[in-house]
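Notes follow once the structure below has been shown.
Values in this document were obtained by computation on a predicted structure and should not be read as measured data.
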Amino acid sequence: MSQENILGTLVIVVLKGQHLIDNHTFYKQDPYAKLTLSGATKQTPADPKGGQHPVWDAELRFPISKDPSKSNRTLTVSVFSEEKKDHSFLGEGTVDITNTLKTGEFDGIDWVPLNLKGTQRGEVYLEMTFFAAGPAPLIRRPSKFTNPAERLGRP
C-alpha cells in the first residue's frame, strides 16, 4: 500500500480465548490466532498447552486503506491448534471495523464468537484502537480489565 493511500494504523491486541473446542484426550492443544484484514494476514504465537482457554496477549498492527470496500473493513479471526503434521482449524469469526475507525476504539462486542460448521465454538477477546495516519504510538491504551489477574487469567 502506498503511503498516500493509508488512512491510519489499526492496533489489535489479541488477548485470550475461551471455550475453544478441544479434540485432544490426553494432552492440551497449543492454540494460536490468525487475523486477516485487507489481504494481510498476521498471527499470534501459539500458547503452549493453552487448551480451551489460551492467553496470547499479542499486539498486531494493520495498515488501513482509504478504500471503504467491505474487504478492507472486515477483520477475520481464525483460531488453529498447532500440531506436528498439520494444524487443526478450531473456528472463525468476523468483525466489522467501520465503527472502530470512526470512534477510535472497539467498544462493541469485545468477545468475538468463533463458528465451526455453523456452530459456535468458543470466543476470542480483542482490544482494538485506531490511530490516524502518522507514526504509530509506542504505548497502547489501557485494558478494560482493571485487575491483571482477570485480564490474563484463565476462567
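The structure places CG of Asp22 at 4.0 Å from CD of Gln29, a figure rounded to the nearest 0.5 Å. If you take CD1 on Ile97 and CG on Leu126, they are separated by 11.5 Å, rounding to the nearest 0.5 Å.
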Asp67 vs Ser69, side chain to side chain donor-acceptor pair (under 3.5 Å): CA-CA, chis, key distance, verdict | CA-CA 6 Å; Asp67 177 21; Ser69 66; 3.3 Å; yes
Begin with the C-alpha distance, continue with both residues' side-chain angles, and end with the deciding distance and a verdict on side-chain contact (heavy atoms from CB on, under 4.5 Å) for Thr103 and Phe130.
-> CA-CA 8 Å; Thr103 62; Phe130 173 69; over 6 Å; no
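Looking at heavy atoms from C-beta onward, Leu75 lies in side-chain contact with Leu35 at the 4.5 angstrom threshold. Proximity of Thr74 to Leu37: side-chain heavy atoms (C-beta onward) are nowhere separated by under 4.5 Å. Side-chain contact check for Leu10 versus Thr100: some heavy-atom pair is nearer than 4.5 Å. Within the 4.5 Å cutoff, side-chain heavy atoms of Leu90 are placed close to those of Pro31. Under the 4.5 Å side-chain criterion, counting only non-hydrogen atoms from C-beta, Val95 is in contact with Met128.
The closest donor-acceptor contact from the side chain of Trp111 to the backbone of Gln18 lies at 3.5 Å or more, if one exists at all. Remark: side-chain polar atoms of Glu127 are not paired, donor with acceptor, to backbone N or O of Val11 under 3.5 angstrom. Using a distance-only test at 3.5 Å, with no hydrogens or angles considered, no donor-acceptor pair links the side chain of Glu82 to the main chain of Ala46.
In summary, the side chains of Glu83 and Ser81 do present a donor paired with an acceptor at a separation below 3.5 Å, with no hydrogens or angles considered.
Looking at residues two or more places apart in sequence or on another chain, you find no side chain to side chain donor-acceptor pair (under 3.5 Å) involving Thr94. With sequence neighbours left out, the side chain to side chain donor-acceptor pair (under 3.5 Å) criterion links Thr98 to Asp96. Scored by the ring-ring contact (aromatic ring centres under 6.0 Å, His included) test, Phe80 finds Tyr32, Phe89 as partners (sequence neighbours excluded). By the salt bridge (charged side-chain N to carboxylate O under 4.0 Å, His left out) test, Asp47 is found to be paired with Arg154, residues two or more places apart in sequence or in another chain being considered.
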Donor-acceptor pairs under 3.5 angstrom involving side-chain atoms of residues 112-122: please list them, not counting sequence neighbours.
none

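Within the structure, salt bridge (charged side-chain N to carboxylate O under 4.0 Å, His left out) contacts touching residues 23-39 (residues at least two apart or in different chains) do not occur.
Taking both residues in full, the closest heavy atoms of Arg73 and Lys66 are given as NH2-O, 3.8 Å, listed atom of the first, atom of the second, then distance. Nearest approach of Gly51 to Leu20, heavy atoms of both residues: O-CD1, 4.3 Å. In terms of heavy-atom proximity, Val124 sits nearest to Trp56 at CG1-CZ3, 4.2 Å.
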